[in-house]
Amino acid sequence: MQGRLSAWLVKHGLIHRSLGFDYQGIETLQIKPEDWHSIAVIFYVYGYNYLRSQCAYDVAPGGLLASVYHLTRIEDGVDQPEELCIKVFASRRNPRIPSVFWVWKSVDFQERESYDMLGISYDNHPRLKRILMPESWIGWPLRKDYIAPNFYEIQDAH
């Protein structure tokens with residue numbers, strides 16, 4: 001089922017895939033990584049001025065990685081703001097997605113956490129480095145194929 005925003009994107013020739021609606025009725029769209037930055041700017045200009053959250057997850061062992069953005073359109077005098085969910089999938093081998101830091105500054109630490117835990121590189125992010133794990137950590141702990149190092153190996157490393 002195609003939502004209002006998906007229809008608007010089709011009307012303007014912007015490539016995407018509608019993923020339907022979540023359990024709260026929020027429209028979910030899939031955007032290709034190479035199109036994400038320009039479409040993010042369009043959404044911002046369209047009124048989605050607040051990035052509520054960004055997260056990432058491993059779709060399946062050996063499969064794609066997903067970066068998920070929850071956008072909100074906040075306006076004066078509106079009781080129920082419009083919300084939108086965007087999913088951007090990246091290959092596991094070289095997961096690269098354009099950063100939207102220059103569109104929504106609130107994504108700073110969230111993209112860094114996704115990089116730290118899953119290894120997704122956010123191109124043009126001004127400070128993309130580990131935020132939770134030590135800089136010397138090897139691997140991406142939230143990937144489904146991650147093998148946790150032996151506790152004693154970690155303890156002996158210090």
Side-chain angles (χ1 to χ4, degrees), residues 2-3 5-6 8-10 12-22 26-46 48-72 83-158:
Q2 189 178 51
L5 277 169
S6 181
W8 186 86
L9 290 172
V10 167
H12 291 87
L14 298 167
I15 299 170
H16 71 288
R17 180 174 166 222
S18 177
L19 299 177
F21 297 86
D22 71 4
I26 297 171
E27 189 172 4
T28 304
L29 304 174
Q30 178 182 343
I31 307 292
K32 291 182 180 178
E34 58 270 19
D35 299 329
W36 172 225
H37 189 268
S38 58
I39 290 179
V41 171
I42 290 167
F43 283 141
Y44 184 83
V45 171
Y46 190 71
Y48 286 89
N49 50 5
Y50 178 63
L51 184 129
R52 186 165 44 97
S53 69
Q54 183 275 335
C55 63
Y57 66 94
D58 190 347
V59 176
L64 298 172
L65 302 174
S67 187
V68 182
Y69 301 82
H70 297 274
L71 308 176
T72 305
E83 296 184 46
L84 174 64
C85 178
I86 303 291
K87 292 187 178 186
V88 182
F89 294 94
S91 73
R92 175 182 234 70
R93 179 172 288 173
N94 186 21
R96 302 187 77 80
I97 295 173
S99 174
V100 290
F101 174 83
W102 301 108
V103 180
W104 298 285
K105 299 277 196 278
S106 61
V107 80
D108 184 13
F109 283 12
Q110 296 169 50
E111 284 184 343
R112 286 180 60 194
E113 182 180 0
S114 296
Y115 165 73
D116 195 6
M117 296 288 107
L118 291 156
I120 299 172
S121 289
Y122 292 92
D123 296 335
N124 297 318
H125 189 286
R127 293 176 290 279
L128 191 63
K129 61 181 183 174
R130 290 199 182 265
I131 192 169
L132 300 172
M133 305 302 287
E135 285 292 329
S136 60
W137 195 266
I138 298 172
W140 315 108
L142 289 185
R143 285 193 182 187
K144 291 182 178 177
D145 55 2
Y146 178 72
I147 298 172
N150 184 325
F151 172 76
Y152 296 105
E153 290 176 16
I154 295 172
Q155 189 176 29
D156 292 341
H158 295 289

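Keep in mind the model is a prediction, meaning the values are calculated, not measured.
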With no hydrogens and no angle check, is any side-chain donor or acceptor of Trp104 less than 3.5 Å from a backbone partner on Tyr44? no
Rounded to the nearest 0.5 Å, what's the gap from NE2 on His70 to OG1 on Thr28? Could you check? 8.0 Å
Do the rings of Tyr46 and Tyr48 sit parallel, tilted or perpendicular, given the 30° and 60° boundaries? parallel
Should we count CZ of Phe109 as having more than 12 external heavy atoms under 6.0 Å? no
Lys/Arg cation over aromatic Phe101: Lys105, 6.0 Å, 45° cone: yes
Keeping Glu111 on the side-chain end and His125 on the backbone end, is there a donor-acceptor pair under 3.5 Å? no
Within 6.0 Å of CD1 in Ile15, more than 12 heavy atoms from elsewhere: no
Tyr57 and Phe89 aromatic ring geometry - parallel, tilted or perpendicular at 30°/60° bounds: perpendicular
Which atoms form the tightest heavy-atom contact between Ser114 and Cys55, and what is the distance? OG-C, 3.9 Å
Just wondering, are more than 12 heavy atoms of other shown residues or ligands nearer than 6.0 Å to NZ in Lys32? no
Could you report the tightest heavy-atom contact between Pro95 and Ala90, atom names first, then the distance? CA-CB, 3.9 Å
Is there a donor-acceptor pair under 3.5 Å between the side chain of Gln54 and the backbone N or O of Val107? no
If you define the side chain from C-beta out and look only at heavy atoms, does anything of Lys144 sit under 4.5 Å from Val59? no
Out of curiosity, Trp137 CH2 to Leu132 CG, how far, rounded to the nearest 0.5 Å? 11.5 Å
Give, for atom CG of Asp22 and atom CD of Glu83, the distance between the pair rounded to the nearest 0.5 Å. 8.5 Å
So, do Phe43 and Leu29 sit near enough that their side-chain heavy atoms are less than 4.5 Å apart? yes
Grab the two heavy atoms, one from Asp145 and one from Gly62, that are nearest each other, plus how far apart they are. OD2-N, 4.3 Å
Measuring from atom NE2 of His37 to atom OH of Tyr122, what distance do you get when rounded to the nearest 0.5 angstrom? 14.0 Å
Quick one: pull up OG in Ser6 and CZ in Phe21 and give me the separation to the nearest 0.5 Å. 8.5 Å
Are Ile42 and His12 packed together at the side-chain level, in the sense that at least one heavy-atom pair is separated by less than 4.5 angstrom? no
Around atom CZ of Arg130, are there more than 12 heavy atoms from other residues, nucleotides or ligands closer than 6.0 Å? yes
Step by step, work out the side-chain contact (heavy atoms from CB on, under 4.5 Å) result for Leu5 and His16. CA-CA 11 Å; Leu5 277 169; His16 71 288; over 6 Å; no
Taking C-beta and beyond as the side chain, do Asp35 and Leu14 meet within less than 4.5 Å on heavy atoms? no
For Ile97 versus Ser67, what's the shortest heavy-atom pair and its separation? CD1-CB, 3.6 Å
To the nearest 0.5 Å, atom CZ of Arg92 lies from atom CG of Leu118 at 8.5 Å
Quick check: closest heavy atoms across Ala40 and Val103, and the distance to 0.1 Å? O-CG1, 4.0 Å
Closest heavy-atom pair and its distance - Asn124, Trp102: O-NE1, 3.1 Å
Salt bridge check: are Asp123 and Arg96 linked by an N-O gap of less than 4.0 Å? yes
